[in-house]
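Below is one structure, written out as structure tokens; comments come after it.
One-based numbering along the sequence shown.
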Amino acid sequence: MIQFKIGLCQLSVTPEKTINVDNARRSIQFASKRGATLVVLPEMWNCPYSTDYFERFAEKFDEKDSTASSLKMLSEVACEERITIVGGSIPEWSSGGKLYNTCFVFGPNGDLLAKHRKMHLFDINAPGDISFNESDTFSAGSSPTIVDTHVGRIGIGICHDIRFPELAMLYRDRGAHLICYPGAFNMSTGEALWELEQRARALDNQLFVATCSPSRDSDGSYQIWGHSTLVNPLGEIIATSEHDQTIVIAEVDYSAIQSTREGIPILKQRRNDVYQLIDYHTI
């Protein structure tokens with residue numbers, strides 16, 4: 001089974017795009033030099049998490065578009081370091097003029113392997129705490145994303161996508177070894193749910209879960225929880241961070257998936273005569 005090191009780059013995000021891109025480049029290179037062959041970035045790492053910035057910082061993936069500085073950097077560094085990068089998320093303009101919260105995945109040759117548009121948009125109204133409607137700005141993606149890489153099969157979700165166990169179950173059924181969730185949970189949902197959701201998705205599906213957050217001192221509409229984390233198939237935390245900018249380097253050993261599933265074969269114990277998970281994209 002595959003063993004490798006993963007790097008989770010918890011980045012401080014500023015209102016200056018060039019600063020954010022340079023910071024991400026240095027962090028990816030740092031993680032790679034310390035042995036990480038898979039590097040994950042946070043949700044909205046190239047711009048503050050705020051409606052004031054999304055449209056201005058948005059990019060469209062086009063090799064002829066010289067303004068797509070974030071995506072060009074990810075492609076270049078993936079190729080230079082010969083690694084796979086799960087590029088957190090950035091605001092993406094579609095060819096139809098819609099704005100998406102999108103994760104781009106680049107392989108060791110610099111090619112785009114996949115992109116995931118956030119499917120579940122974060123709308124919250126907690127009086128006295130936080131009010132934010134992501135759906136006022138972004139369109140929702142409509143497709144699950146699973147990608148074959150040199151470090152195994154990876155499912156992709158973004159932030160609020162982690163709250164929906166059906167998506168993680170679908171990824172398990174499609175053979176994922178690892179699910180990566182770039183996210184920017186706020187202070188209240190972060191403290192209550194961030195660790196719980198990660199461990200639940202990993203435990204229920206007996207696979208690895210990696211999350212990557214911006215640091216708490218990032219600019220934006222709300223204060224971010226941080227605590228980027230790697231969880232194993234038993235729901236145990238392998239490595240995590242606090243809330244400052246940092247890089248988490250941890251070992252992933254897929255043999256833990258097999259041993260966990262052999263010990264408690266929950267897939268065989270499913271009651272398909274009572275309930276079923278339907279993957280509409282395979283029908």
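With no hydrogens or angles considered, a side-chain donor-acceptor pair links N186 and S188 at under 3.5 Å.
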Please lay out, stage by stage, how E242 and R216 fare under the test salt bridge (Lys or Arg N to Asp or Glu O under 4.0 Å).
CA-CA 9 Å; E242 294 296 328; R216 192 171 299 173; over 6 Å; no
K72 vs E76, test: salt bridge (Lys or Arg N to Asp or Glu O under 4.0 Å). Steps then yes/no.
CA-CA 6 Å; K72 287 183 179 296; E76 290 171 1; over 6 Å; no
Checking F104 against S75 for the side chain to side chain contact (heavy atoms under 4.5 Å, CB included) test, could you report, in this order, the C-alpha distance in whole Å, the side-chain angles of both residues, the deciding distance, and whether it holds?
CA-CA 10 Å; F104 293 81; S75 175; over 6 Å; no
With side chain to side chain contact (heavy atoms under 4.5 Å, CB included) as the criterion, how do Q223 and H243 come out once you've worked through the C-alpha distance, each side chain's angles and the decisive distance to 0.1 Å?
CA-CA 11 Å; Q223 200 169 26; H243 60 76; over 6 Å; no
Side chain to side chain contact (heavy atoms under 4.5 Å, CB included), that's the test. Do R163 and L193 meet it? Break it down for me.
CA-CA 9 Å; R163 294 294 304 274; L193 301 171; 3.3 Å; yes
Passes side chain to side chain donor-acceptor pair (under 3.5 Å), D253 versus S255? Steps please.
CA-CA 5 Å; D253 183 353; S255 66; 2.8 Å; yes
S95 and K60: CA distance, side-chain angles, deciding distance, side chain to side chain contact (heavy atoms under 4.5 Å, CB included) verdict:
CA-CA 8 Å; S95 56; K60 181 179 178 182; 4.1 Å; yes
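Using a distance-only test at 3.5 Å, with no hydrogens or angles considered, no donor-acceptor pair links the side chain of R201 to the main chain of F164. With Q198 contributing its side chain and A210 its backbone, the two residues share no donor-acceptor pair below 3.5 Å. Here the side chain of T211 pairs a donor or acceptor atom with the backbone of T229 at under 3.5 angstrom. No donor-acceptor pair under 3.5 Å is formed between the side chain of W194 and the backbone N or O of F185. Judged by distance alone, with hydrogens and angles left aside, the side-chain atoms of T260 form a donor-acceptor pair with the main-chain N or O of A256 at under 3.5 Å. No side-chain donor-acceptor contact under 3.5 Å links S89 to the backbone of E43.
The structure places CZ of F138 at 8.5 Å from CG of L121, a figure rounded to the nearest 0.5 Å.
Put simply, the side chain of L230 does not reach to within 4.5 Å of the side chain of V248, judged on heavy atoms. Put simply, the side chain of W93 reaches to within 4.5 Å of the side chain of E55, judged on heavy atoms. Side-chain contact between L11 and N20 is absent, with no heavy-atom pair separated by less than 4.5 Å.
Summarising the hydrophobic clusters (Ile, Leu, Val, Met, Phe, Trp, Tyr; side-chain heavy atoms under 4.5 Å, direct or chained), the residues clustered with Y53 are F57.
Among E134, R117, H116, the single residue meeting the side chain to side chain donor-acceptor pair (under 3.5 Å) criterion with N101 is E134. Evaluated for a side-chain contact (heavy atoms from CB on, under 4.5 Å) with L178, the options L38, V86, I156, L207 yield exactly one hit, L38.
Under the 30°/60° scheme for interplanar angles, the aromatic rings of F208 and Y254 are found to be tilted.
Cation-pi geometry between R34 and F30 is satisfied (NZ or CZ under 6.0 Å from the ring centre, within 45° of the ring normal).
Judged as a side-chain hydrogen bond (donor to acceptor under 3.5 Å, both in side chains), and not counting sequence neighbours, N133 has no contacts.
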